[in-house]
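A short worksheet on the structure shown next.
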Protein chains: 4
Amino acid sequence: MANNNTTEERLLTAFSDLVLKYGYRGTTTKKIADVAGVNESTIFRHFKDKHGILNELVNKYLQDADQAANDFKPIGDIELDLIQGAKIYETFTTTHRSVFLIGLRESYQFPEIADAVRQLQQRFKKILVDKFTEMAESGEISSTVDIKNETDNFVLMIFGNVVLSFAYTDAELYIPSNQFLENNVRLFASHLK
Amino acid sequence: MANNNTTEERLLTAFSDLVLKYGYRGTTTKKIADVAGVNESTIFRHFKDKHGILNELVNKYLQDADQAANDFKPIGDIELDLIQGAKIYETFTTTHRSVFLIGLRESYQFPEIADAVRQLQQRFKKILVDKFTEMAESGEISSTVDIKNETDNFVLMIFGNVVLSFAYTDAELYIPSNQFLENNVRLFASHLK
Amino acid sequence: MANNNTTEERLLTAFSDLVLKYGYRGTTTKKIADVAGVNESTIFRHFKDKHGILNELVNKYLQDADQAANDFKPIGDIELDLIQGAKIYETFTTTHRSVFLIGLRESYQFPEIADAVRQLQQRFKKILVDKFTEMAESGEISSTVDIKNETDNFVLMIFGNVVLSFAYTDAELYIPSNQFLENNVRLFASHLK
Amino acid sequence: MANNNTTEERLLTAFSDLVLKYGYRGTTTKKIADVAGVNESTIFRHFKDKHGILNELVNKYLQDADQAANDFKPIGDIELDLIQGAKIYETFTTTHRSVFLIGLRESYQFPEIADAVRQLQQRFKKILVDKFTEMAESGEISSTVDIKNETDNFVLMIFGNVVLSFAYTDAELYIPSNQFLENNVRLFASHLK
DNA sequence: GATGAATGAGATTTCATTCAT
DNA sequence: CATGAATGAAATCTCATTCAT
């Protein structure tokens, strides 16, 4: 009864939130039911089993991933383009926190999810590499830039910050979004000009 | 009977390995006992309870952390110093994989461990910032370098690669140590010269 | 399925009966479940834990204790009054056998229960002493009666018989209720006339 | 190492003391070993199993019971004789606390011990009844005394006080030995003169 | 559609007991 | 004689899942 969404939505949200705190195993069906404000057995009317909740979220993740890839429209300015890319990456992973984390943490138990997350990284890298190669050819960025390794570094850096933001909510360690885009991403990009 | 170490060592190793695959909760005492080749109840003669195994590993982690901090001896060449730092960081986190991962994954359940891991990051950052500030003052690196933000970026990058190496054993995504130090860290450092 | 009471009632009854035979520790959750005719895990849906069963019985005990105290209405005839008192005491302790016994046997492990049982004795003693003091003042019983010590003796005697009745079901040792009230209590009272 | 008795004696004492606090089941072999200052496995060199410790104590109990019965030498003064009897009963039960308590508490699990304790009561009763019958015949006590029932009452009373003394160490409820013999037993006896 | 009651498998932990030294 | 290390059975408790209403 937490809000006026449908039961199914409330269950998905409850699951997502709890996974952040407790991991997949620690997210018990009882906790999910309590947070969603329904009876425990109601879960099983909506989903085949506990794994079914996760499957549903993975489906949404995969659909959204296509969308996010299409949303990225580099304009040929490396600084702005990296900021744009980081922003999309961050928004996407935050929206799909639970899937992202389960894919990372419990890769052995859910190889298909681990795979989906893995593909996100690869895809993101590829999009960047392709674009920058194109920009190098057209002279927009210096031909001395080591495109592959710089992209690796960039992706590792924004990945690292996202992981920290999920692990620790205090801002001591991870760098909050705005500041991260303004200072760190921009600084990183400046070396590629 | 897995090997000829003491029972306690075999238990610690078994626990450590299993946590990587299954997380803390997924690492059942039965699995630990099976892998270590002892009876389940033997665990409880060596450790107060399941948490006790973790405590023992955390103690070793904390001791080693002091050692690792002392091992870092920058020589005033930014490229070599960053490579050295990354190497120590990587060795340390790999040696203490299980504690590092539990601190990251299950921060809500084990706040003291989350804290120990957090402090490692902070400490590493501080050591680098202090050294580089010193080097900027003595002219060894350019005074235009944005020390704080570059260090942030560097730490995020190596942190990101370590996390990936734990999540995925295939080398498609994370970058294997040698290559990472030679290509990526060196490339990163080159911008600070 | 033992009978048609609610599951909770059946569990409480099973626990109560088993404690008589086996003590608290010896009353395993498996035995309770078997006697109540339910699955072991069902216990934990009705009570927080094993101790929770006992707590429930202690609550009933405390409620009933107030009732029993109010039920005692001495009429000024010492024989009839002691019989009435003994009868109420006996009925109460028999109804709450399990709590009474645990309070007695396992006082170190359950100090709050030991206390509740202790208070019952004290309260019973006080009610008798007060009433008899009053009767002595109004001349209904001889002023030479040593009220405090006689009450002590009386309480010890009926306490002793109740304890024996719980320990041994054969009538060789403890004296069955009717006979005890008719012969022993009456005899005791006759000395106070 | 607690004292310089033999290992076996130390084990018997440890067991005895612990049973008072924790009951038979709660008296674990580990606790016994700790209190006796020996290794847990040493217990099994001295006794077949945990039950064997108890058996040894029961043997001593039975031997002592014969002795105690012989020690009772009534002199024909009902007050002094009851005091003497109560004293012997008290001393004996206190010396053999653990057996007495186990016989009382865990009668279902150790029927032979329950029996031994039961027999003590019966025997004590019989000795008193026989002696008082004799005294009634010789005119030493009034022929109007209801010997059987008075003896019952007396035995219940001293039994009650002994049980309380084991359950509660504070003197609020049970009556300490000296005072009990001087006030309560004497008072009880005065009615039989 | 949703609930409440119950279940069975399995997790952690305790404890008496054995065995090699 | 005594110890330290290990065991197996059983105890308490958790959790995903089912079923009747």
Under the salt bridge (charged side-chain N to carboxylate O under 4.0 Å, His left out) test, residues paired with [X] that sit two or more places apart:
| X | answer |
| --- | --- |
| A:Lys60 | none |
| B:Asp34 | B:Lys30 |
| C:Asp115 | C:Arg118 |

Whole angstrom is fine here: how far is it from [atom1] in [X] over to [atom2] in [N]?
| X | N | atom1 | atom2 | result |
| --- | --- | --- | --- | --- |
| B:Asp34 | F:dG8 | CG | P | 12 Å |
| D:Leu18 | E:dA16 | CG | P | 11 Å |
| D:Glu9 | F:dC1 | CD | P | 13 Å |
| C:Asp49 | F:dT14 | CG | P | 8 Å |
| C:Arg10 | E:dA6 | CZ | P | 8 Å |
| B:Glu40 | E:dA11 | CD | P | 8 Å |
| B:Leu11 | F:dT7 | CG | P | 10 Å |
| D:Ile32 | E:dC15 | CD1 | P | 12 Å |

Ignoring backbone atoms, test whether [X] places a side-chain nitrogen or oxygen under 4.0 Å from the OP1 or OP2 oxygen of [N].
| X | N | answer |
| --- | --- | --- |
| D:Lys30 | E:dC15 | no |
| B:Thr28 | E:dG10 | no |
| C:Arg25 | E:dC15 | yes |

From A:Glu106 CD over to B:Lys21 NZ, what is the distance, rounded to the nearest 0.5 angstrom?
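Result: 14.5 Å between the selected atoms.
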
Under the ring pair (Phe, Tyr, Trp, His ring centres under 6.0 Å) test, which residues partner B:Tyr24, sequence neighbours left out?
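Expected list: B:Phe110.
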
Qualifying residues under ring pair (Phe, Tyr, Trp, His ring centres under 6.0 Å), relative to D:Phe166, sequence neighbours excluded:
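Result, ring pair (Phe, Tyr, Trp, His ring centres under 6.0 Å) vs D:Phe166: D:Phe100.
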
Ignoring hydrogens and angles, write down the donor-acceptor pairs under 3.5 Å from the side chains of residues 41-48 of chain C, residues two or more places apart or on other chains.
residue : atom : partner : partner atom : Å
C:Ser41 : OG   : C:Asn39 : OD1          : 2.9
C:Thr42 : OG1  : C:Asn39 : O            : 3.4
C:His46 : ND1  : C:Glu8  : OE1          : 3.3

Expected output is a numbered-order residue list: members of residues 41-48 of chain A with a heavy atom under 4.0 Å from any atom of DNA chain F. What is it?
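Nucleic-acid contacts, sorted: A:Ser41, A:Phe44.
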
So, using side chain to side chain contact (heavy atoms under 4.5 Å, CB included) as the criterion, who are the partners of B:Thr27 when residues are at least two apart?
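Partners of B:Thr27 under the side chain to side chain contact (heavy atoms under 4.5 Å, CB included) test: B:Phe15, B:Leu18, B:Val19, B:Tyr22, B:Ile32.
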
Nearest nucleotide by nearest heavy atom, which residue falls closer to the 5' end of DNA chain F, A:Lys50 or C:Asn39?
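Checking each residue's closest nucleotide, the 5'-ward one belongs to C:Asn39.
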
Using atom P of each nucleotide, how far apart are F:dT21 and E:dG1 to the nearest Å?
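Going atom to atom, P in each nucleotide, I get 22 Å.
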
Hey, does A:Thr29 reach any base, or is it just sugar-phosphate, or nothing, if we go heavy atoms under 4.0 Å?
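Base contact - A:Thr29 has a heavy atom under 4.0 Å of at least one base atom.
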
Strand DNA chain F in bracket notation, Watson-Crick/G-U under 3.5 Å with | for pairs to another chain:
.||||||||||||||||||||

Student check: side-chain heavy atoms of B:Ile53 and B:Leu12 closer than 4.5 Å:
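Heavy-atom side-chain distance check passes, below 4.5 Å.
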
